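On a predicted model such as this, the values are computed, not experimentally measured, just so you know. Side chains included, hydrogens not; waters and symmetry mates left out as well; all remaining heavy atoms used.
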Amino acid sequence: DEIGALIQEYNHTLSELEKSADLLVRSEREAAWREMAQQVAHEIKNPLTPMKLSIQHLQRAWQDGSPEAGTITDRVSRTLIQQIDALSSIATEFAHFAKMPQAQNEVVELSSLLTEVLNLYKDSGEQCILELKVQPGEYRVWGDREQLSRAFGNLIKNAIQSIPPGRTGRVEVLLEKQD
């Protein structure tokens, strides 16, 4: 009887342990999906901001009859195409998440990349001055251009968002070699 009761209690404890392990795995999986959903939402919002701001700038230029409307239209078109490509890339990466896509590494010239990224936010209508200061020299890195662009875009957007309402902000990006 005592051994039978001990075995029964052991089996019951083992069953409870299995249930707890299943709950833990399910909870960890849900937390991972929540985290991934938050990250994907963040990555999607980043290209949408310069798209919206560019369209608003174009609308203002059109309404005001600006003589630069043609130039602005061209710049906004390029911005929208770049950001649509970025959104498409994000969607593709998410669709292939299980494979974790390889970085498309290439030689990237940072000054031109930073200029492109800053131009996405230049005519945003925000009370912010964006400035790129590049020390003389070449700034080439081996990396994924799209991932670098997203990272720089995130940093600039976060800097702009950190400016308190009603204040004019200044975001300076300094590119220089050290050692």
Side-chain angles (χ1 to χ4, degrees), residues 36-97 99-165 167-177:
M36 186 177 15
Q38 288 174 341
Q39 184 64 32
V40 169
H42 179 73
E43 292 296 327
I44 288 171
K45 285 181 181 180
N46 284 335
L48 292 176
T49 299
M51 291 171 74
K52 179 180 178 181
L53 297 173
S54 294
I55 291 293
Q56 289 171 337
H57 181 64
L58 180 60
Q59 284 176 325
R60 280 193 306 273
W62 182 264
Q63 289 170 351
D64 296 344
S66 172
E68 297 178 8
T71 304
I72 294 170
T73 300
D74 185 50
R75 188 172 62 227
V76 167
S77 297
R78 282 193 311 271
T79 297
L80 291 176
I81 289 168
Q82 282 179 333
Q83 296 309 303
I84 289 168
D85 287 344
L87 285 170
S88 177
S89 174
I90 291 166
T92 300
E93 287 178 24
F94 186 67
H96 295 103
F97 177 71
K99 297 182 207 171
M100 287 305 289
Q102 293 291 320
Q104 300 298 316
N105 290 333
E106 61 184 295
V107 175
V108 178
E109 212 294 310
L110 288 180
S111 61
S112 64
L113 179 64
L114 283 169
T115 299
E116 289 173 18
V117 172
L118 278 173
N119 283 338
L120 296 174
Y121 293 92
K122 278 247 173 157
D123 298 317
S124 66
E126 299 284 332
Q127 293 289 4
C128 181
I129 298 166
L130 298 172
E131 187 175 358
L132 174 61
K133 295 180 179 181
V134 180
Q135 300 295 320
E138 290 187 353
Y139 299 93
R140 297 175 195 263
V141 296
W142 181 254
D144 185 296
R145 183 178 186 80
E146 185 64 34
Q147 290 177 1
L148 286 167
S149 178
R150 259 191 266 144
F152 292 138
N154 284 343
L155 290 170
I156 292 166
K157 182 179 179 185
N158 291 342
I160 292 170
Q161 289 175 339
S162 72
I163 299 168
R167 290 186 52 192
T168 299
R170 180 179 192 86
V171 177
E172 288 183 7
V173 178
L174 175 61
L175 184 57
E176 67 180 356
K177 289 183 184 179

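Glu131 CD: more than 12 foreign heavy atoms inside a 6.0 Å radius.
The shortest heavy-atom contact between Ala159 and Val171 is CB-CG2, 3.9 Å. Considering every non-hydrogen atom in both Ile44 and Leu87, the closest pair reads O-CD2, 3.7 Å. Residue Pro47 comes nearest to Ile90 through the heavy atom pair CG-CD1, 4.2 Å, listed as atom of the first residue, atom of the second, then distance. Between Leu120 and Pro50, the shortest heavy-atom distance links the atoms O-CB, 3.4 Å. Nearest heavy-atom pair, Val117 versus Ser149, reported as atom, atom and distance to 0.1 Å: CG2-OG, 3.6 Å.
With hydrogens and angles disregarded, no donor-acceptor distance shorter than 3.5 Å links the side chain of Asp144 to the backbone of Asn105.
Proximity of Ile160 to Leu130: side-chain heavy atoms (C-beta onward) are separated by under 4.5 Å at one or more points.
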Name each donor-acceptor pair under 3.5 Å that joins a side chain in residues 76-85 to protein atoms two or more places apart or in another chain, with its distance.
from: Ser77; atom 1: OG; to: Thr73; atom 2: O; distance (Å): 2.8
from: Arg78; atom 1: NH1; to: Asp74; atom 2: OD2; distance (Å): 2.4
from: Thr79; atom 1: OG1; to: Arg75; atom 2: O; distance (Å): 3.0

Between side-chain atoms of residues 135-142 and protein atoms elsewhere (two or more places apart, or another chain), which donor-acceptor pairs fall under 3.5 Å?
from: Glu138; atom 1: OE1; to: Arg140; atom 2: NE; distance (Å): 3.2
from: Tyr139; atom 1: OH; to: Gln135; atom 2: O; distance (Å): 2.7

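Taking Asp64 as the reference, nothing meets the side chain to side chain donor-acceptor pair (under 3.5 Å) condition, with sequence neighbours excluded.
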Passes side-chain contact (heavy atoms from CB on, under 4.5 Å), Arg150 versus Glu43? Steps please. CA-CA 8 Å; Arg150 259 191 266 144; Glu43 292 296 327; 2.7 Å; yes
As a quick check of understanding, evaluate side-chain contact (heavy atoms from CB on, under 4.5 Å) for Glu106 and Val108, giving each step before the final call. CA-CA 6 Å; Glu106 61 184 295; Val108 178; 3.8 Å; yes
